[in-house]
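As structure tokens, the structure follows; a few thoughts come after it.
Labels below follow one simple rule: chain letters A, B, ... track the order of the sequence lines, proteins then strands, and each chain is numbered from 1.
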There are 2 protein chains.
Amino acid sequence: MDYADCPVRIAIDILSSSWNAWLILEIHKGIVRPCDLQRSISIAPKRVLTKQLGELEKIGILEKKIYPVLPLKVEYYLTDQGKELIPIIEKLREWGDKHKNVFLENTAFK
Amino acid sequence: MDYADCPVRIAIDILSSSWNAWLILEIHKGIVRPCDLQRSISIAPKRVLTKQLGELEKIGILEKKIYPVLPLKVEYYLTDQGKELIPIIEKLREWGDKHKNVFLENTAFK
DNA sequence: TTAAATAGGGATAAACTTATCACCCGGTGA
DNA sequence: TCACCGGGTGATAAGTTTATCCCTATTTAA
């Protein structure tokens, strides 16, 4: 029984890796095309977002829809298990909002 | 407004870094002394646990009690804001339990 | 007096993640 | 024709995190 198989770690690893949480929130808000996501998360490198989108699709959190039209059109949607992450992320946000002060104070001069 | 100041990221960063989530759960279960924590999370290096305990204390998630007795006795307890992480971790565990199969299938041969 | 347990720290190495850069292709509008 | 948009990739550099190793100090038990 590896530590990596721990259900808690699985969830945390997904949410914590690079831009995943942000991506999931943006897609939930209705920004579903790669180019639009790249614009709305403009500080993230394009290459990294592409990689993460692929990763999130592979593990069943996003569903990729490819429209056979030209110019090529691609959209990503949250699967059911992806949608179930939304309330969790909101809880994380609530917690962070409530406690960010203590946190920022004590990390400024570490 | 830095990405690192995002409330969601603050919470995720805390939970994701090395052994924090596990430590928080163990302390919540009543394992409160450093030496006992090192035994119960035996695959984690002692040095790392010490560091994380100090870090979690600094950001106000743990409270450190030093008993002026000999042999030296130290205990860590969850603060109120630390306790508020417990239900969130439980949600993460539920999610992970529910979806670990899809996850493990698609990461085994990446 | 020696060993073990308690709590902790400094310095460096190893590992992992993320970012960067330069590309690919197909199509469209000027 | 040329530049640009949309979607995407491979290879490597850079950066961060974790782990490793080896110390400190004090007290009790053998």
Using the side-chain contact (heavy atoms from CB on, under 4.5 Å) criterion, which residues pair with A/P87? Sequence neighbours excluded. none
Nearest-Å distance for atom pair NZ/P, residues A/K73 and D/dC5: 19 Å
Closest approach of A/G60 and A/T79, non-hydrogen atoms and distance? O-OG1, 2.7 Å
Which whole-number value in Å describes the distance from A/E55 CD to C/dA19 C1'? 17 Å
Starting at CG of A/L49 and ending at P of C/dA19, how long is that distance when rounded to a whole Å? 9 Å
Tell me, which pairs form a salt bridge (Lys or Arg N to Asp or Glu O under 4.0 Å) where one or both residues lie in residues 68-77 of chain B, sequence neighbours left out? B/K73-B/E75
By side chain to side chain donor-acceptor pair (under 3.5 Å), which residues pair with A/R93, not counting sequence neighbours? A/E90
Please say which of B/L85, B/V8, B/I88 ends up in a side chain to side chain contact (heavy atoms under 4.5 Å, CB included) with A/K91. B/I88
Ignoring hydrogens and angles, write down the donor-acceptor pairs under 3.5 Å from the side chains of residues 39-49 of chain B, residues two or more places apart or on other chains.
residue : atom : partner : partner atom : Å
B/R39   : NH2  : B/D36   : OD1          : 3.1
B/S40   : OG   : B/E26   : OE1          : 3.1
B/S40   : OG   : B/L37   : O            : 3.4

Contacts of type salt bridge (charged side-chain N to carboxylate O under 4.0 Å, His left out), residue B/E84, not counting sequence neighbours: A/K98
Need one value for A/Y76: base, sugar-phosphate or nothing, where a base atom within 4.0 Å counts as base even if backbone is also close, heavy atoms only. sugar-phosphate
The side chain to side chain donor-acceptor pair (under 3.5 Å) partners of A/N20 (sequence neighbours excluded) come to A/S17, A/Q52
Proximity to DNA chain C (any heavy atom under 4.0 Å), residues of residues 25-35 of chain B only: B/R33, B/P34, B/C35
Could you name each residue pair satisfying ring-ring contact (aromatic ring centres under 6.0 Å, His included) that touches residues 55-95 of chain A, not counting sequence neighbours? A/W95-A/H99
Ignoring backbone atoms, test whether B/W19 places a side-chain nitrogen or oxygen under 4.0 Å from the OP1 or OP2 oxygen of D/dA19. yes
Using whole Å, report how far CG of B/D36 lies from C1' of C/dT6. 11 Å
With sequence neighbours left out, write down each residue that passes salt bridge (charged side-chain N to carboxylate O under 4.0 Å, His left out) with A/K64, or none if nothing qualifies. none
What integer distance in Å separates B/Q38:CD from C/dG9:P? 12 Å
Show each protein N/O and nucleotides 20-26 of chain D N/O combination with a separation under 3.5 Å, one pair to a line.
none

Quick check on contacts: within residues 10-17 of chain A, what sits under 4.0 Å from DNA chain C by heavy-atom distance? A/S17
How close or far is atom P of D/dT18 from atom CG of B/L53, stated in whole angstroms? 14 Å
To the nearest Å, give me how far apart CD1 (B/I41) and C1' (D/dT18) are. 15 Å
Spacing between B/L23 atom CG and D/dT18 atom P, to the nearest angstrom: 12 Å
Could you tell me which residues satisfy salt bridge (charged side-chain N to carboxylate O under 4.0 Å, His left out) with B/E63, sequence neighbours excluded, listed by chain and number? none
